[in-house]
Amino acid sequence: MKKGQTIEILGFLVLVVVAIISMLALRLVTSDQKAEVMHIAQESHEEKYFNAGANTFIVITEPATNRTFVELIGLAGFFEKGVLEFGPVDDPITVDVFEELTERLDLIYGEGHWHLELPHAPRYQIYVIMVLDVSVSMKEEIEDIRHNIQYIIDEVEETTDRRVAFKLYFLPTGQYYRNMFHEMEKNNPCFRTYMVDCNVGSTNKNEAWARGMKCLIDEKLDDWGKVSAKVGIILSDEPPSGCEGCGCEHYEGIVTEACCPDRPSCTPPETTCTDKENAIDALIDRANAADAKMNIFTLKANPCNVPDRFRSQCRAGPIPYTCAGEEKLTEFMTTLSDGTGAGMYTVDNPKDVSKAIRDIVLSQPIPDVSFELGTTPPVDKRIHSYVIPAPTPIPGLYINAILKQWN
């Protein structure tokens, strides 16, 4: 009998233990489920809170201009700056877009809990700055540009998404060449011509390509965009400011770049090239400066062609043309292009000029730079993201700003 009672007691105890274990297990499972439910609920709440803030942010307006912040984001990315001016030129309304954005997002999410990436989408992603030697011997090369530059523009537009502006700068005395592009310039907003109107020295201004390009960077850089790629191209058939004083050959004491009885009869110059070397070095330093970062490609035209206006002189006197300054021209152009991370193209055939320009434009990388506001997102937090498409003044071109938030 006692044996039977013992067995019953042990059975009861086993049952109690099993029941307790089951209850503990059930409670543990329930707690995990509750925790998971709470976690899901919290995530949902945070997501709704973030979306509500983002939806509010994109519709509120800046009081001085009555423009939405989405519009202001698009304008800031397009004009590549945070401070914008609106209204009449003589009395504009100035708005610090980035300051206003920061103030609103701090109110919505709290300081230190958000980040806004605002990409650039400027009118032009690449500015091609071409400085042209306008001496009489450059006529065929400049005519090749005139005949083919529109094809280059069309090809770039059709085969890539690049927005490219072409700026042709003619050195002093080059108005005749500039006039050749008049009709084309009227019909193409991406193509513009200018005269170099700054001080390039007192002699041989029509060939002063080193001083001319440096002067343009000094005075026109802000007009070429702050983050857009800036590509320089120099076309010439002589050293900077001509070969006189450095590169021209001598015949019977006369410095000549036109005709000579024969090459052995001509002697190389004995003068120094210091001024030209200094001009090249100064241009390299300016192009590599942090505010410019310009690659300068050089196109070495053939200096051995006799311009039509000199042919009669050569027939009447010594021949052939001396190829004056070619060695120094190659040296200077190579130094300049290597010093600015670019390259020199030899365009002995004038028809190769436009091909070189095309290859240069298509090979250039487009900078991928964004404005960033707020705080760098932490690595140990759940990050919420929201893409804000902001329109720019170009129809169909949007800036996809990325808003991030965390708790």
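Hydrogens, waters and symmetry mates play no part in the numbers below; they use all other heavy atoms, side chains included. Note that this is a predicted model, so its numbers are computed, not measured.
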Participant: For salt bridge (Lys or Arg N to Asp or Glu O under 4.0 Å), just list the numbers for D285 and K214, CA-CA rounded to whole Å, side-chain angles, deciding distance to a tenth of an Å, and then say yes or no.
Facilitator: CA-CA 9 Å; D285 290 342; K214 180 182 180 299; over 6 Å; no

Participant: Show the numbers, then the answer: is there a side chain to side chain donor-acceptor pair (under 3.5 Å) between T340 and N295?
Facilitator: CA-CA 5 Å; T340 59; N295 304 119; 5.5 Å; no

Participant: Under a 3.5 Å distance rule, please check whether K230 uses its side chain to pair with a backbone N or O of G225 as donor and acceptor.
Facilitator: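 Judged by distance alone, yes, a pair lies under 3.5 Å.
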
Participant: Under the 3.5 angstrom rule, does the side chain of N148 hit a backbone N or O of Y151 as a donor-acceptor pair?
Facilitator: no

Participant: Within a radius of less than 6.0 Å around CG of D368, do more than 12 heavy atoms belonging to other residues, nucleotides or ligands occur?
Facilitator: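 For D368, atom CG is not crowded (no more than 12 foreign heavy atoms under 6.0 Å).
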
Participant: Taking side chain as C-beta onward, heavy atoms only, is E141 less than 4.5 Å from N349?
Facilitator: no

Participant: Has the side chain of D237 got a donor or acceptor atom that lies under 3.5 Å from a matching backbone atom of M138?
Facilitator: no

Participant: Would you mind writing out the side-chain donor-acceptor pairs for residues 70-82 within the sub-3.5 Å range, not counting sequence neighbours?
Facilitator:
residue: E71; atom: OE1; partner: T68; partner atom: N; Å: 3.0
residue: E71; atom: OE1; partner: T68; partner atom: OG1; Å: 3.3
residue: E80; atom: OE1; partner: K226; partner atom: N; Å: 3.0
residue: E80; atom: OE1; partner: V227; partner atom: N; Å: 2.7

Participant: Thinking salt bridges, do D218 and R286 make one under a 4.0 Å N-O criterion?
Facilitator: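 Salt bridge between D218 and R286, a charged N being under 4.0 Å from a carboxylate O: yes.
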
Participant: Given the rule in the side chain to side chain donor-acceptor pair (under 3.5 Å) test, do N206 and S135 qualify, once you have shown the distances and angles that lead to the verdict?
Facilitator: CA-CA 6 Å; N206 58 353; S135 56; 5.1 Å; no

Participant: Between S337 (side chain only) and G343 (backbone N and O only), is there a donor and an acceptor less than 3.5 Å apart?
Facilitator: yes

Participant: Decide yes or no for N400 and I388: does some side-chain heavy atom of the first lie under 4.5 Å from some side-chain heavy atom of the second?
Facilitator: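 Not touching, per the 4.5 Å side-chain cut-off.
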
Participant: More than 12 heavy atoms of other residues, nucleotides or ligands under 6.0 Å from OH of Y398: is that the case?
Facilitator: no

Participant: With a sphere of 6.0 Å drawn around CG of D161, does it hold more than 12 non-hydrogen atoms of other residues, nucleotides or ligands?
Facilitator: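 No, CG of D161 has 12 or fewer neighbouring heavy atoms, counting only those of other groups under 6.0 Å.
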
Participant: Looking at D96 and V83, would you say the former's side chain and the latter's main chain have a donor-acceptor pair under 3.5 Å?
Facilitator: no

Participant: When the aromatic ring centroids of Y386 and F57 are compared, is their separation below 6.0 Å?
Facilitator: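 Between Y386 and F57, the centre distance exceeds or equals 6.0 Å.
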
Participant: Can you tell me if E185 and T193 form a side-chain donor-acceptor pair at under 3.5 Å?
Facilitator: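 There is such a pair between these side chains.
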
Participant: Not counting sequence neighbours, which residues clear salt bridge (Lys or Arg N to Asp or Glu O under 4.0 Å) with K328? List them please.
Facilitator: E331

Participant: Do D154 and Q150 have side-chain atoms, one donor and one acceptor, less than 3.5 Å apart?
Facilitator: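 Judged by distance alone, the side chains do pair up.
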
Participant: Taking the side chain from R67 and the backbone from P63, do they hold a donor-acceptor pair closer than 3.5 Å?
Facilitator: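 Flag not set: sc R67 to bb P63 has no pair under 3.5 Å.
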
Participant: With a cut-off of 3.5 Å and sequence neighbours excluded, list every side-chain donor-acceptor pair involving residues 163-171.
Facilitator:
residue: R163; atom: NE; partner: P122; partner atom: O; Å: 3.0
residue: R163; atom: NE; partner: R123; partner atom: O; Å: 3.2
residue: R163; atom: NH2; partner: P122; partner atom: O; Å: 2.9
residue: K167; atom: NZ; partner: Y194; partner atom: OH; Å: 3.0
residue: Y169; atom: OH; partner: W224; partner atom: NE1; Å: 3.4

Participant: Looking at L101, L118, L116, V97, which hits side-chain contact (heavy atoms from CB on, under 4.5 Å) with F371?
Facilitator: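 Only one of L101, L118, L116, V97 forms a side-chain contact (heavy atoms from CB on, under 4.5 Å) with F371, namely L118.
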
Participant: Look at the side chain of H113 and the backbone N and O of Y109, then say whether any donor-acceptor pair between them is shorter than 3.5 Å.
Facilitator: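 Between the backbone of Y109 and the side chain of H113 there is no qualifying donor-acceptor contact (under 3.5 Å).
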
Participant: State, yes or no, whether a side-chain contact exists between F332 and W209 at a heavy-atom distance under 4.5 Å.
Facilitator: yes

Participant: Any heavy-atom pair between the side chains of I383 and Q405 that's under 4.5 Å?
Facilitator: no

Participant: Does atom CD of E372 have more than 12 heavy-atom neighbours, drawn from other residues, nucleotides or ligands, at distances under 6.0 Å?
Facilitator: yes

Participant: Could you tell me whether the side chains of E183 and N187 share a donor-acceptor contact shorter than 3.5 Å?
Facilitator: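 The criterion, which ignores hydrogens and geometry beyond distance, is not satisfied for N187 and E183.
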
Participant: Taking atom CD of E155 as the centre, does the number of heavy atoms from other residues, nucleotides or ligands within less than 6.0 Å exceed 12?
Facilitator: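 Yes, enclosed.
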
Participant: Going by heavy atoms in the side chains, are L362 and R358 under 4.5 Å from each other?
Facilitator: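 Answer yes - side chains close enough.
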
Participant: When you measure from the side chain of S370 to the backbone of E117, do you find a donor-acceptor pair of N or O atoms at a distance under 3.5 Å?
Facilitator: no

Participant: Can you tell whether the side chains of E157 and R162 come within less than 4.0 Å, N to carboxylate O?
Facilitator: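 So E157 does not pair with R162 through a salt bridge.
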
Participant: Please check if any side-chain donor atom of E99 sits under 3.5 Å from a side-chain acceptor atom of T102, or the reverse.
Facilitator: no

